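Step one of this worksheet: look at the structure below.
First the proteins, then the strands, lettered A, B, ... as listed; each starts at 1. Just so it is clear, the structure is predicted and the values come from calculations on it, not from any experiment.
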Amino acid sequence: MKKVFFQSFPILILCGFLEMLAGFTLCNMENFLRSLPGLIIMVPAMMNLRGAINGALVSRLGSGVHMGVINFNERGEMRENLKAVLLLSVILPALIAAFAHIFCIAIGFESIGIPKLIFISVAVGLLSGAVLSLLSILITYLAFKRGIDPDNVTSPLLATFGDVLTISFLFLFAMVIA
Amino acid sequence: MSYYNAMKIVKESLPVQIIAILVCIIGGSFLNLHIENFLALPILLSFIPLINGIGGNISSVFGARLTSALHIGSISRANDKELKENAVLFLVMGFLVFSITALFIYLTSSYTYETVSWKIVLVPMFAGTALVLFLIPVTLVVAFLSFKAGIDPDNVVMPAITTIGDFAGILLLLLGIKVIGI
């Protein structure tokens, strides 16, 4: 029990403070949320996406390294994994933008329109996906080298970095559009 | 012949991800319905990543430990004593993390946001703790079911739990705002 607590609690607190950074950024997006109606609908889905795409990447990398099909000197398997992440990082954000627009219209809200929503979501998805993939490889490499169980440490940390990156890029591209 | 194939990964991921997106978009629509509450008091916006992020972290760490234990065979029944202890421990940790971060947000709010009532601290404490209380049994059920069905937890269990968590987190945040009367 004590061991579980001391392994998990520091990570959870660290993630809590990082999420506060994401929260602080979202707080400062107040004006964009006002001037870009429809943007808020995408926020939960965009944050969920990062955890889902890159969380799955990390667990594949972890399993792949354990099984010996991925090693850090041979690029082929790694390339396929990264290609999948980037493809998903374009397809899924585009779907998010389309659904967000449809839901906006369906419940009688304003929307800034599909092209602008797609521009924001795909740009945010691709950029945060690329940065986070590099971080995923680095963290898996370090965790594996030091014999740390990725389940307890890397997944929560990456999901949290994902939220911070997503909200930061969302801020950036909302600024570009506004 | 390589082990991983980009198109295969994309194809396998799409169905689960599209369901997750739809659920999250519905969650986002609830936020949109109450957008005026958030714009009137932007500090409330900062609770969205906090509650969803920490809720997701706690349930995914708990879920990952649980599925590993099921695989090793150290836990086989839902009323296992160690499992109960773990569940309580994660609930307590959730309460602590939400309380500490909420207090920190409140204490620093006078520098960064407009002045707010101390009651704002209660919102993430209520919503976050209620979320963990809800997610622990959900994680248990999903993990046991998927283990029985022989589904790889990495690809299905975790996305399912974090998506359920994101949706419930938004509803509980809105409920917290209403109940506490912010």
Side-chain angles (χ1 to χ4, degrees), chain A residues 1 4-5 8-9 11-13 15-17 19-20 22-24 26-30 33-34 38 40-45 47-49 51-53 55-56 59-60 63-64 69-70 76-77 80-81 83-84 87-88 91-92 95-96 99-100 103-104 107 109 151-152 155-156 159-160 163 167, chain B residues 2-7 9-10 13-14 16-18 20-22 24-29 31-33 35 38-39 42-43 45-50 52-54 56-58 60-61 64-65 68 85-86 89-90 93 96-98 100-101 104-105 112-113 154-155 158-159 162-163 166-167 170:
Chain A
M1 285 296 278
V4 178
F5 182 84
S8 312
F9 195 66
I11 296 285
L12 289 174
I13 276 284
C15 289
F17 277 87
E19 293 289 356
M20 271 170 39
F24 180 70
L26 194 59
C27 229
N28 283 300
M29 275 176 70
E30 178 203 350
L33 292 176
R34 193 168 283 148
I40 186 100
I41 289 200
M42 301 204 298
V43 170
M47 288 197 302
N48 183 284
L49 195 66
I53 297 180
S59 67
R60 282 199 307 273
S63 312
V69 292
I70 289 181
E77 301 288 353
E80 286 299 306
N81 270 292
K83 238 199 286 180
L87 271 171
L88 287 170
I91 300 170
L92 295 171
L95 280 174
I96 289 179
F99 285 139
F103 270 79
C104 260
I107 50 176
F109 275 95
D151 281 347
N152 294 334
S155 317
T160 307
D163 286 352
I167 301 282
Chain B
S2 62
Y3 186 84
Y4 288 106
N5 176 289
M7 287 328 260
I9 297 173
V10 170
S13 312
L14 274 182
V16 184
Q17 294 303 336
I18 289 175
I21 286 176
L22 272 171
C24 284
I25 290 281
I26 297 172
S29 301
L31 287 179
N32 202 12
L33 277 173
I35 185 85
F38 288 98
L39 293 181
I43 194 173
L45 284 170
S46 69
F47 295 151
I48 299 171
L50 184 70
N52 281 1
I54 300 303
N57 284 342
I58 288 180
S60 62
V61 175
R65 297 180 58 84
S68 301
E85 282 179 359
N86 262 289
L89 180 68
F90 274 86
M93 287 199 291
L96 286 176
V97 174
F98 284 117
I100 293 168
T101 46
F104 191 84
I105 290 180
T112 46
Y113 318 106
D154 283 340
N155 296 331
M158 296 310 158
T162 49
T163 304
D166 282 353
F167 186 71
I170 290 168

Which one of A/Asp163, A/Ile96, A/Leu87, A/Ile167 has the most heavy-atom pairs closer than 4.5 Å to chain B? A/Ile96

Under 4.5 Å, counting heavy-atom pairs only, tell me which of A/Met29, A/Arg34, A/Met42 racks up the most with chain B. A/Arg34

Testing the basics here: between [X] and [Y], what is the closest heavy-atom pair and its distance to 0.1 Å?
| X | Y | value |
| --- | --- | --- |
| A/Leu26 | B/Leu45 | CD2-O, 3.3 Å |
| B/Val61 | A/Pro156 | CG2-CG, 3.7 Å |
| B/Ala6 | A/Lys83 | CB-CB, 3.7 Å |
| A/Ala45 | B/Cys24 | CA-CB, 3.5 Å |
| B/Leu50 | A/Gly16 | CD1-O, 3.6 Å |

From [X] atom [atom1] to [Y] atom [atom2], the distance as rounded to the nearest 0.5 Å:
| X | Y | atom1 | atom2 | answer |
| --- | --- | --- | --- | --- |
| A/Ile40 | B/Asn32 | CD1 | CG | 7.5 Å |
| B/Met93 | A/Ile13 | CE | CD1 | 10.5 Å |
| A/Ser8 | B/Leu89 | OG | CG | 7.0 Å |
| B/Leu96 | A/Phe5 | CG | CZ | 6.0 Å |
| B/Ile9 | A/Leu88 | CD1 | CG | 8.5 Å |

Please answer whether the main-chain N or O of B/Pro42 pairs with a side-chain N or O of A/Glu30 as donor and acceptor at a distance below 3.5 Å. no

Determine whether a donor-acceptor pair (N or O, by modelled atom type, separation under 3.5 Å) exists between the side chain of B/Tyr4 and the backbone of A/Arg60. yes

With a 4.5 angstrom heavy-atom cut-off, could you sort out which part of [X] is near chain A: side chain, backbone, both or neither?
| X | value |
| --- | --- |
| B/Phe90 | side chain |
| B/Thr101 | both |
| B/Ile170 | side chain |
| B/Ile35 | side chain |
| B/Asp166 | side chain |

Counting only heavy atoms closer than 4.5 Å, note whether A/Ala159 contacts chain B via side chain, backbone, both or neither. side chain

What part of A/Leu12 gets closer than 4.5 Å to chain B, counting heavy atoms only: side chain, backbone, both or neither? both

Step-by-step side-chain contact (heavy atoms from CB on, under 4.5 Å) determination, A/Leu95 to B/Gln17: CA-CA 10 Å; A/Leu95 280 174; B/Gln17 294 303 336; over 6 Å; no

The ring-ring contact (aromatic ring centres under 6.0 Å, His included) partners of A/Phe109 (sequence neighbours excluded) come to none

Partners of B/Phe38 by ring-ring contact (aromatic ring centres under 6.0 Å, His included), sequence neighbours excluded? none

Interface residue of largest heavy-atom contact number with chain A, from B/Phe98, B/Phe104, B/Phe47, under 4.5 Å: B/Phe104

Heavy-atom pairs under 4.5 Å with chain A, option from B/Leu22, B/Asn86, B/Leu39, B/Ile100 with the top count: B/Leu39

Verify side-chain contact (heavy atoms from CB on, under 4.5 Å) between B/Ile21 and A/Asn48, making sure each step is shown before the conclusion. CA-CA 8 Å; B/Ile21 286 176; A/Asn48 183 284; over 6 Å; no

Starting from the C-alpha separation in whole Å, work towards a yes-or-no answer on side-chain contact (heavy atoms from CB on, under 4.5 Å) for A/Phe24 and B/Ser46. CA-CA 6 Å; A/Phe24 180 70; B/Ser46 69; 5.8 Å; no

Under the side-chain contact (heavy atoms from CB on, under 4.5 Å) criterion, do B/Asn57 and A/Ile11 qualify, and how do the steps go? CA-CA 9 Å; B/Asn57 284 342; A/Ile11 296 285; over 6 Å; no

